Student: 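Below is the structure I would like to discuss, written out as structure tokens.
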Amino acid sequence: MDRARRQLVLTVLPVCLALAFSLTALGSSHWCEGTRKVAKPLCLDEPGRLQCIHFSGGHGSGGRRDNGSQAVQYFWETGDDKFLQCRFHVGLWQSCEESLGSAGEKCRSFQSVIPAEEQGVLWLSIGAEILNILLLLASAVLLGSRVSYHASGFHWLKVDASVAILTVLAGLLSMVAHITYTTIFQITVNLGPEDWKPQTWDYGWSYCLAWGSFALCMAVSVMAVNRYTAARLEFMEKQKLQEGSRHSQRNFPKPKALENVQETEAALSLARHALLVSVSEHLPPSAPGKVSMC
């Protein structure tokens with residue numbers, strides 16, 4: 001594998017990695033993570049159960065507990081002891097939190113907790129993220145064809161330029177998606193329903209993957225631009241060398257100075273010949289010897 005093909009392979013790998021990061025972030029629900037305060041449920045008939053409020057109720061006749069509406073309940077927990085810190089995580093599509101009644105999680109649509117007038121911002125973030133994935137997929141296909149059919153020429157220079165443009169656009173769309181999601185999440189934290197508002201929160205691993213995809217897009221675009229510039233300069237230099245070799249094989253016209261010298265020599269030769277003829281005509285027939293002109 002030559003050096004140029006190795007460089008192409010090293011460019012394809014970051015594009016595929018950025019595509020994998022974006023797909024994982026789009027489908028996951030760990031963009032933001034945190035905790036929120038949840039009231040403990042009543043222990044009822046399980047007095048030994050943890051993470052619930054213990055109480056003593058009134059008893060009816062016969063020593064049996066009265067479960068009616070007039071039963072007196074005595075709560076021993078006060079203040080923050082009546083609440084639990086429930087962990088949650090949120091993504092582009094849904095919001096999930098721990099379920100106190102079971103070992104699993106309960107999830108609901110993230111769109112359902114966003115204020116109605118701000119839902120367009122969420123769809124803007126989702127649309128930008130999907131376009132980012134499509135552009136990364138197109139870049140991966142172009143680079144894959146570039147590696148499979150490695151050759152030099154102006155056609156492949158256009159492929160390199162297209163990859164540079166697509167990755168830059170993908171990175172910009174990814175940045176727009178992340179910023180708009182951060183904005184809509186902070187708005188929901190402040191204006192969302194009370195049964196969802198978190199007490200503490202931070203960004204999760206999906207958010208880090210999304211920004212990692214953005215960084216890889218920018219790196220690939222820089223490499224593609226550098227490769228395009230170097231390849232174009234090399235291509236133009238080869239064209240100049242080929243044109244020069246074609247010109248050297250042609251029959252060029254003689255220089256003007258050489259033509260003037262040849263014309264001067266021809267005129268002198270004619271003048272000498274005419275002078276010899278003239279001298280020979282004026283000599284008497286009986287004159288011995290020959291006439292020569294140096």
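Note that the coordinates shown come from a computational prediction; the quantities given were computed from them, not determined experimentally.
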Student: Roughly how far, to the nearest 0.5 Å, is the CG atom of Leu191 from the CD atom of Gln186?
Tutor: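 Those atoms lie 11.5 Å apart.
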Student: Is there a side-chain contact between Leu136 and Phe21 in this structure, where contact means two heavy atoms from C-beta onward sitting under 4.5 Å apart?
Tutor: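 SC-SC contact between Leu136 and Phe21 ruled out.
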Student: Assigning hydrophobic clusters by single linkage (Ile, Leu, Val, Met, Phe, Trp, Tyr; side-chain heavy-atom cutoff under 4.5 Å), is Leu216 placed with Val15?
Tutor: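 No, Leu216 does not connect to Val15 through the hydrophobic network.
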Student: Is the shortest side-chain heavy-atom distance between Phe110 and Trp196 below 4.5 Å?
Tutor: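 Counting from C-beta outward, Phe110 and Trp196 do come under 4.5 Å.
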Student: Is there a continuous path of hydrophobic side-chain contacts, each under 4.5 Å between heavy atoms, that joins Leu143 to Val159?
Tutor: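 Both belong to a single hydrophobic cluster.
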Student: Between side-chain atoms of residues 121-135 and protein atoms elsewhere (two or more places apart, or another chain), which donor-acceptor pairs fall under 3.5 Å?
Tutor:
{"unit_1": "Ser125", "atom_1": "OG", "unit_2": "Ala177", "atom_2": "O", "d": "2.8"}
{"unit_1": "Asn132", "atom_1": "ND2", "unit_2": "Ser22", "atom_2": "OG", "d": "3.1"}

Student: Check Gln94 against Ser29 and note the closest heavy-atom contact, atom names and distance.
Tutor: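 Closest approach of Gln94 to Ser29, heavy atoms only: O-CB, 4.0 Å.
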Student: Can a donor-acceptor pair be found, under 3.5 Å and without considering hydrogens, that links the side chain of Gln111 to the backbone of Gln119?
Tutor: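 A pair under 3.5 Å: no.
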Student: Please find the pair of heavy atoms, one from Thr35 and one from Phe88, that lie closest to each other, and give the distance.
Tutor: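 Closest approach of Thr35 to Phe88: N-CE2, 3.5 Å.
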Student: Taking the side chain as C-beta and beyond, is there a heavy-atom pair between Thr188 and Glu118 under 4.5 Å?
Tutor: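 Answer no - side chains too far apart.
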Student: Quick one: does Thr229's side chain have a donor or acceptor within less than 3.5 Å of a partner on Val225's backbone?
Tutor: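 Such a contact is found between Thr229 side chain and Val225 backbone.
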Student: For a 4.5 angstrom cut-off between non-hydrogen side-chain atoms, does His89 reach Ser206?
Tutor: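 Counting from C-beta outward, His89 and Ser206 never come under 4.5 Å.
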Student: Could you check Val220 against Ser139 for side-chain contact (heavy atoms from CB on, under 4.5 Å), going step by step and ending with a plain yes or no?
Tutor: CA-CA 10 Å; Val220 169; Ser139 300; over 6 Å; no
Student: With heavy-atom distances below 4.5 Å as the criterion, would you say the side chains of Arg36 and Lys197 are in contact?
Tutor: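 No, their side chains stay 4.5 Å or more apart.
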Student: Do Ile114 and Trp31 belong to the same hydrophobic cluster, where Ile, Leu, Val, Met, Phe, Trp and Tyr are linked whenever their side-chain heavy atoms lie under 4.5 Å apart, directly or via other members?
Tutor: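 Linked, Ile114 and Trp31 end up in one cluster.
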Student: Answer yes if Leu209 and Trp93 sit in the same cluster of Ile, Leu, Val, Met, Phe, Trp and Tyr residues linked by side chain heavy atoms under 4.5 Å apart, and no otherwise.
Tutor: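 As far as the 4.5 Å side-chain criterion goes, Trp93 and Leu209 are not connected within one cluster.
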Student: Taking all non-hydrogen atoms of both residues, which atom of Phe214 and which atom of Ser174 are closest, and how far apart?
Tutor: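 For Phe214 and Ser174, the tightest heavy-atom pair comes out as CB-OG, 3.8 Å.
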Student: Honestly curious: do Val12 and Leu17 fall in one hydrophobic cluster under the side-chain, below-4.5 Å linking rule?
Tutor: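 No, it is not one cluster - the side chains of Val12 and Leu17 are not joined through contacts under 4.5 Å.
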Student: After noting the C-alpha distance and the side-chain angles of Met175 and Trp211, does the key distance pass the side-chain contact (heavy atoms from CB on, under 4.5 Å) rule?
Tutor: CA-CA 8 Å; Met175 181 178 64; Trp211 278 110; 3.9 Å; yes
Student: From Leu19 CG over to Ser213 OG, what is the distance, rounded to the nearest 0.5 angstrom?
Tutor: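 Between atom CG of Leu19 and atom OG of Ser213 there are 8.0 Å.
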Student: Could you tell me which non-hydrogen atom of Thr167 sits nearest to which non-hydrogen atom of Met218, and how far apart they are?
Tutor: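 So the two residues come closest at O-CE, 4.0 Å.
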Student: Ignoring hydrogens, what is the shortest heavy-atom contact between Thr24 and Trp205? Give both atom names and the distance.
Tutor: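 Shortest heavy-atom separation between Thr24 and Trp205 comes out as CG2-CZ3, 3.9 Å.
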Student: Are Tyr203 and Trp201, when compared by the centres of their aromatic rings, separated by less than 6.0 Å?
Tutor: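 Ring centres of Trp201 and Tyr203 closer than 6.0 Å.
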Student: Please report the interatomic distance CD(Glu105) to SG(Cys86), rounded to the nearest 0.5 Å.
Tutor: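 Reported to 0.5 Å precision, the distance equals 9.0 Å.
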Student: Could you go through Cys32 and Tyr181, starting from their C-alpha distance and side-chain angles, then the distance that decides it, and tell me whether this counts as side-chain contact (heavy atoms from CB on, under 4.5 Å)?
Tutor: CA-CA 10 Å; Cys32 295; Tyr181 179 82; 4.1 Å; yes
Student: Got a donor-acceptor contact below 3.5 angstrom from the Lys106 side chain to the Glu97 backbone?
Tutor: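 Checked: no pair found.
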